[in-house]
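Right, one structure below, let's go through it.
Quick note on labels: first sequence line is chain A, next is B, and so on, each numbered from 1.
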2 protein chains.
Amino acid sequence: MATIDDVAKASGVSKGTVSSVFSKKRPISKEVTERVLAAAKSLHYKPNYWARSLASRTTRILGLNIRGESLEFGQFHHSLLNGVLRVCYDNGYRLLVNTLSPAFLSQVENISSDPVDGEILLDPIESDGRIEERLQSGMPIVVIGRPPGPYEAQVSYVDNDNAGMAAQVTRYLIELGHTEILFLNAPVSRTVSEDRGAGYRNALALAGLRPKPELMMHKPLRGETAHAFGYEAALAKLIASPDITAVIADTDMMALGVYKAAERLGLRIPEQLSVFAFSDDSVLSPEFSPPLTGTRLHADRLGAEALQLLLEQLNAAQKSAKRVLVPTELVIRGSCAAPAARGS
Amino acid sequence: MATIDDVAKASGVSKGTVSSVFSKKRPISKEVTERVLAAAKSLHYKPNYWARSLASRTTRILGLNIRGESLEFGQFHHSLLNGVLRVCYDNGYRLLVNTLSPAFLSQVENISSDPVDGEILLDPIESDGRIEERLQSGMPIVVIGRPPGPYEAQVSYVDNDNAGMAAQVTRYLIELGHTEILFLNAPVSRTVSEDRGAGYRNALALAGLRPKPELMMHKPLRGETAHAFGYEAALAKLIASPDITAVIADTDMMALGVYKAAERLGLRIPEQLSVFAFSDDSVLSPEFSPPLTGTRLHADRLGAEALQLLLEQLNAAQKSAKRVLVPTELVIRGSCAAPAARGS
DNA sequence: CTGCGTTATTAAAGCGGTTTAATGATGCTT
DNA sequence: AAGCATCATTAAACCGCTTTAATAACGCAG
């Protein structure tokens, strides 16, 4: 590959001039520009991205950081990715998807700063080392989902109104007549589970019902798949507490597990068991009979807004911690109904 | 951010030694290693990715290149991406999603070599400048989909057996009793459309039917969405040729357009019109009534195999052009049936 | 003509690492 | 005790570009 020196030599000017022709950071007379461009073309010259980045300390690449342990790229993530990609596209940025297993990242020979101008962090958890790290190195970030407490005021983030959303669905179920509502929540450590849990409890309390701790379960962070957890947990709880008439599941995968448990127990949905999931995921929808009542999270908007915030932050003189909440809507399909006596 | 010099100074050794401690390319005594690591930690030192790449001429980043014009990231692409990401994850590579609009790429100040060790090229078209460019610069690539003729023997690629697949479905429809089968194909310039078209014609010929050119239409490369094209094209053709009893659509989006056209014309599916799509896309499935008969493309396997090939190529002494075909399966749901007289 | 302000170009000094060739230390053989 | 591998460390060159500070070229007013 030809280098800038070759071009400089070929066109009889200095490197600096060639550089300016390409970067347009300094005016170069028309004739020189043409001469350089011609030489570059005949040599098949293209500036070296790495060298350019090193010298200019900027890459025009943004990162999407998924927690290493979970490479579970579901519909939500894909939709989110779509939003992110679109904004990247419009603004001339490339997107680097960070996909390094913890095994790799922990090796000495692999540690290094991330090769991006800024990053979007997905799925924050309670003690999320990633945030501290970025803050320390001055890397601009935007989090999708609420960052853990200590950082909430320091970093920009985009989120759904999780508490409100959980309250809304709980209220909906209560209005249908349910009182014993099992909540199969996201892992304890995920900040989202806390918010949704709070919304659920609030709605119960507001309706004069006492939230029972044993009716809220959290998926383990690792281990079991969402589907397996949904199945096992629902099965166990439904057997232990025959009063339960409704289940709120974290994801549609989990809801699928609940469907399976219901089938195993001979419970008809929605007549004998109402099921809900925080998901507008339709990939699985053919699997669901009856169709799953859920919520529209607008993951693509989450992604787009996050990237927008990140871009703002890159261009801003001084950064401020902004928050964007993306509204959600209940999508009522066929899996929730007024409760009937079990076994009827 | 601390640099390697700071660490060298702090631990009383030279840059070279620090470099070796991190890269492990040369043995360093245990005590020195510890001293350096300690200094690095206290200075929050992390090697600069770009400086490292520049010097070592390698990035451990792979690229996923989508043709600039079409940022239509559908289910197929997402599934493919999943496959790619998984292999990246297992092998310690990051993935750079190339999302630059042609507008950006054509600006002088933006041209530059891609900052990756190798690339996967999506959706090849007949005269695909991308391939020539990569070949010239020596960038390792793997194409997903058949590359245009001149390059087929030069580059590695992964593909479905498109001709076989098209032949299979055509045969299936013929066996059901259809003879006038409308084929709404991918854009002419996409290599995939040629292969599928050939399979379609072959199957017809083998069954003793003469393929009618007017029964094959191609979506324009730009402009119209797949949905709009499916609707318009099907509507026009179904009106013009009342004999048509079956439609093969390129994508499910396009099939949705066909459904709409059928509805408009008062044609019941599948009784009066059979519809098929080359897609296992279930995102839209709730929209389809009856459920769409299609094919399983295993996009994730396409992605995974492609990345695998790329990795092989990176490690191989001399590169050879390999081909991997991923099998497909017909997925029979409810949108195809034996033809009945129209208007009955 | 001289002097000065503009503008275009260049030489050289980074950017932050890797790598090569040379140096120094160490132990082992003879 | 000298000679000689062996191994760890270092100084310096280099990767290919950007950018700063200096220089050259030019036009124009005085």
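With sequence neighbours left out, B:E312 forms a salt bridge (charged side-chain N to carboxylate O under 4.0 Å, His left out) with B:K322. By the side chain to side chain contact (heavy atoms under 4.5 Å, CB included) test, A:L325 pairs with A:D159, A:R323, sequence neighbours left out. Here A:D300 pairs with A:S79, A:H298 under the side chain to side chain contact (heavy atoms under 4.5 Å, CB included) rule; sequence neighbours left out. Listed by chain and residue number, A:E133 satisfy the side chain to side chain donor-acceptor pair (under 3.5 Å) test with B:K46 (two or more places apart in sequence, or in another chain). Considering only residues two or more places apart in sequence or on other chains, B:K9 meets the salt bridge (charged side-chain N to carboxylate O under 4.0 Å, His left out) condition with none of them.
For A:D117 and A:T59, the side-chain atoms include at least one donor-acceptor pair closer than 3.5 Å.
One atom, NZ of A:K9, and another, C1' of C:dT10, lie 15 Å apart when rounded to the nearest Å. Atom CZ of A:R35 and atom P of C:dA8 are 15 Å apart (whole Å).
When atom types are taken as modelled, the side chain of B:S156 and the backbone of B:S320 share a donor-acceptor pair closer than 3.5 angstrom. The main-chain N or O of B:L122 is found under 3.5 Å from a side-chain atom of B:R130 such that the two form a donor-acceptor pair. No donor-acceptor pair closer than 3.5 Å links the side chain of B:R26 to the backbone N or O of B:G16.
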Every protein N/O lying under 3.5 Å from an N/O of nucleotides 22-26 of chain C:
none

Name the pairs: protein N/O against N/O of nucleotides 23-26 of chain D, kept only if under 3.5 Å.
none

Find every protein N or O atom lying less than 3.5 Å from an N or O atom of nucleotides 13-16 of chain C, and list the pairs.
{"unit_1": "C:dC15", "atom_1": "O3'", "unit_2": "A:R57", "atom_2": "NH2", "d": "3.1"}
{"unit_1": "C:dG16", "atom_1": "OP1", "unit_2": "A:R57", "atom_2": "NH2", "d": "2.4"}

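End-to-end axis angle of the helix from C:dC1-D:dG30 to C:dT30-D:dA1, using five pairs per end and rounding to 10°, comes to 60°.
The closest side-chain heavy-atom distance from B:E305 to B:V142 is not below 4.5 Å. Residues A:Y151 and A:Q154 have side chains in contact (heavy-atom distance under 4.5 Å, counting atoms from C-beta outward).
Considering only side-chain N and O atoms, B:T17 lies nowhere under 4.0 angstrom from the phosphate OP1 or OP2 of D:dT9.
Within 4.0 Å (heavy atoms only), A:V18 reaches no atom of the nucleic acid at all.
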From CA spacing to verdict: salt bridge (Lys or Arg N to Asp or Glu O under 4.0 Å), B:R67, B:D128:
CA-CA 9 Å; B:R67 270 180 311 110; B:D128 202 318; 5.1 Å; no
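Applying the salt bridge (charged side-chain N to carboxylate O under 4.0 Å, His left out) rule to pairs touching residues 141-155 of chain A yields A:R146-A:E194, A:R146-A:D195, sequence neighbours excluded.
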Compile the donor-acceptor pairs under 3.5 Å between side chains in residues 38-45 of chain B and protein atoms, sequence neighbours left out, one pair per line.
{"unit_1": "B:S42", "atom_1": "OG", "unit_2": "B:A39", "atom_2": "O", "d": "3.1"}
{"unit_1": "B:H44", "atom_1": "ND1", "unit_2": "A:Q136", "atom_2": "OE1", "d": "3.4"}

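What you find for A:A51 and B:L54 is that their closest heavy atoms are CB-CD1, 3.7 Å.
Near DNA chain D, meaning a heavy atom under 4.0 Å away, the residues from residues 22-33 of chain A are A:K25, A:R26.
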